[in-house]
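Let me begin by presenting the structure, written as structure tokens, before commenting on it.
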Amino acid sequence: MAARGQGGVIFFDIQDRTGRFQLFARKNDLGDALFAVAKEIERGDLVGAGGFVFRTKTGELSLYVRTLEVLGKSLRPLPDKWSGLQDLEKRYRRRYVDLIVNPHVRDVMFLRSKIVAEMRRFIDARGFSEVETPTLLNVAGGATARPFMTHSNALDIPLTLRIATELNLKRLIVGGMERVYEIGRTFRNEGIDATHNPEFTMLELYAAYWDVNDMMRFNEELVAHLARTVHGGETVIRGEDAISFATPFRRIGYLEAFERFAGIEREQLLDAEAAQRLLHDYGIPPSPTHAHALDKLFERIVEPELLQPTFVYGYPVLLSPLAKRMKDDPELTERYELFAAHMELSNAFTELNDPDDQRRRFELQMLERAAGDEEVPPPDWDFVTALEYGMPPTAGIGIGVDRLVMMLTDNASIRDVLLFPLQRPLPPERDADEDDAESP
RNA sequence: GCCGGCGGAGCUCGAGCGGCAGAGCGGCAGCCCUUUAAGCUGCAACGUGCGGGUUCGAGCCCCGCCGCCGGCACCA
């Protein structure tokens, strides 16, 4: 809200979620009383006005004000109208001010809203049902990550916040719901940086009688559709790079990628000791586990090559405790990850539906956990029981919604696509300003 | 968790070598009946993140703490 006085005439710029508009208030036509009200109005106030639309001398469409009312008074000064609010910390801590004065922030947040809505529309149109599964769990599984712990007073038991929705959604597949998804908050008690917030939003989706190839097609159509929705085309500008989400996306095998980009062969990766030697060759510190070593190598060797959207498929089974093995190559799984701009956008696989295999993999994980890897979740034996009732062949996918929004809106930090990114609280403090603001 | 950078008025920023802490915007009063970051005149208020130290004297140097950002580690 800006006001420009001109003697007996005042111009106001008013703003709402749809944009800006100019008001024109003239003393001779308003009368002294109303004009006095107009003169009291300052930047940041909320106003209601009535009148008729006209064009000013300079041709700007404006409201010729006949009635005017202050709907809400702003007691605190807004940041500078020209430079706005730059201070990152203040922008995150007082997002409401950021939203008032930095239109770009509002645009991104509305765009996020639109992306998620469009995601739902696309998925619903293909016969899926959105469900809600518990956030509070006895055992948090379905991923490797340290959970947040909490406690139920009523039951007097420890609870953990979920680190994935995977196991419960697959229980629903066992239950015959066939096509389900959840867009929900997930919590991981780990580091915070430009791509990690302790709570983040994931889409997880499961389709009975699909395999990983069906999911790949679904995945690329969904992402291409969202890119079109946001940009009107399939090309997304991200920093210096132009990324084309035109289908089909590039596909490359997990092992083939290492071979092509670094001449590394299958045995060097799938053998634990050979993989450790590779780490050493690349100057990467030794890894506690074989799986960890492969992740580090992938990050160093393959990820830098993945600018345009690329499906990397056929992950080793040792990285994929919940994925089904390939029929003709049981050391690998029917799993892919989608990368774009060197960032992982989704993770999908044909789900393991063999309860005995699942039980053995959980037992293996128990050993890793006993060996001190706190990120390995305790086994969820009831999930094995569920599989024993029979799960149809099923494909599942997880998409990090925040990162997808980052990708589509050209934001480098996850904080810039979250309304209220987590910030450490400041020590309690009362300033004189605050006392004044609260007195009548 | 480790390393580095940063922290000054409501906002955006100046302040050589340690020497009276400033400007613009905003606020207040006034002028101005078509402005576009309105303009002009005048006025006032408020400030070095917190706590110590060195010094005749600290926004500046030293120590500790807090917060944010970036990098590393961890992860998605």
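Computed from a predicted model, the values in this text were never measured in an experiment.
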| message | Distance check, rounded to the nearest 0.5 Å: A:Ile414 atom CD1 versus A:Asn197 atom CG? | response |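 The CD1 atom of A:Ile414 sits 5.5 Å away from the CG atom of A:Asn197.
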| Nearest-0.5 Å distance, OG of residue A:Ser413 to OH of residue A:Tyr92 |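 Output value for this atom pair is 4.5 Å.
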| Can you list the steps and then say if A:Asp32 with A:Lys27 is a side-chain contact (heavy atoms from CB on, under 4.5 Å)? | CA-CA 7 Å; A:Asp32 290 346; A:Lys27 190 175 187 177; 3.7 Å; yes
Return no unless some side-chain N or O of [X] is found under 4.0 Å from OP1 or OP2 of [N].
X: A:Arg4; N: B:U35; answer: no
X: A:Lys90; N: B:C11; answer: yes
X: A:Lys296; N: B:A73; answer: no

Between [atom2] of [N] and [atom1] of [X], the distance in whole Å:
X: A:Gln22; N: B:U34; atom1: CD; atom2: P; value: 13 Å
X: A:Lys57; N: B:U36; atom1: NZ; atom2: P; value: 13 Å
X: A:Arg76; N: B:G27; atom1: CZ; atom2: C1'; value: 15 Å
X: A:Asp193; N: B:G1; atom1: CG; atom2: C1'; value: 14 Å
X: A:Leu63; N: B:U34; atom1: CG; atom2: P; value: 18 Å
X: A:Phe12; N: B:A38; atom1: CZ; atom2: P; value: 12 Å
X: A:Arg146; N: B:A73; atom1: CZ; atom2: P; value: 16 Å
X: A:Ile414; N: B:A76; atom1: CD1; atom2: P; value: 13 Å

Is the shortest heavy-atom distance from the side chain of [X] to the side chain of [Y] under 4.5 Å?
X: A:Arg4; Y: A:Asp13; result: yes
X: A:Ile123; Y: A:Glu130; result: no
X: A:Leu419; Y: A:Met109; result: yes

| Cation over ring, A:Arg95 on A:Phe420, under 6.0 Å and within 45°? | no
| Is the cationic atom of A:Arg126 (NZ for Lys, CZ for Arg) positioned less than 6.0 Å from the six-membered ring centroid of A:Phe122 and within 45 degrees of its normal? | yes
Roughly how many Å apart are [M] and [N], using the [atom1] atom of each and rounding to a whole number?
N: B:C50; M: B:C60; atom1: P; value: 11 Å
N: B:C20; M: B:C6; atom1: C1'; value: 28 Å
N: B:G22; M: B:A15; atom1: C1'; value: 7 Å
N: B:A38; M: B:C28; atom1: P; value: 15 Å
N: B:G71; M: B:C13; atom1: C1'; value: 27 Å
N: B:G47; M: B:G10; atom1: P; value: 8 Å
N: B:U48; M: B:C43; atom1: P; value: 25 Å
N: B:U54; M: B:G18; atom1: C1'; value: 11 Å

| field | For A:Leu387 against A:Leu352, the heavy-atom pair lying closest together | value |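 Nearest pair, atom of A:Leu387 first, then A:Leu352: CD1-O, 4.0 Å.
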Is there a donor and acceptor pair, one atom on the side chain of [X] and one on the base of [N], closer than 3.5 Å?
X: A:Asp80; N: B:G24; value: yes
X: A:Thr56; N: B:U35; value: yes
X: A:Thr58; N: B:U34; value: no

Heavy atoms only, 4.0 Å cut-off, all strands: where does [X] land among base, sugar-phosphate and nothing?
X: A:Gly398; value: nothing
X: A:Lys81; value: sugar-phosphate
X: A:Asn197; value: base
X: A:Thr144; value: sugar-phosphate
X: A:Arg93; value: sugar-phosphate
X: A:Glu60; value: base
X: A:Gln423; value: sugar-phosphate
X: A:Arg415; value: sugar-phosphate
X: A:Phe200; value: base
X: A:Gly191; value: base
X: A:Asp87; value: sugar-phosphate
X: A:Gln6; value: base

When you measure from the side chain of [X], which nucleotide among [options] comes out closest?
X: A:Glu42; options: B:G10, B:G27, B:C68; value: B:G27
X: A:Leu88; options: B:U35, B:C68, B:A76; value: B:C68
X: A:Ala194; options: B:U12, B:U36, B:G70; value: B:G70

Pair assignment for [N], Watson-Crick or G-U wobble, requiring both distances under 3.5 Å:
N: B:A58; value: none
N: B:C32; value: none
N: B:G7; value: B:C66
N: B:C43; value: B:G27

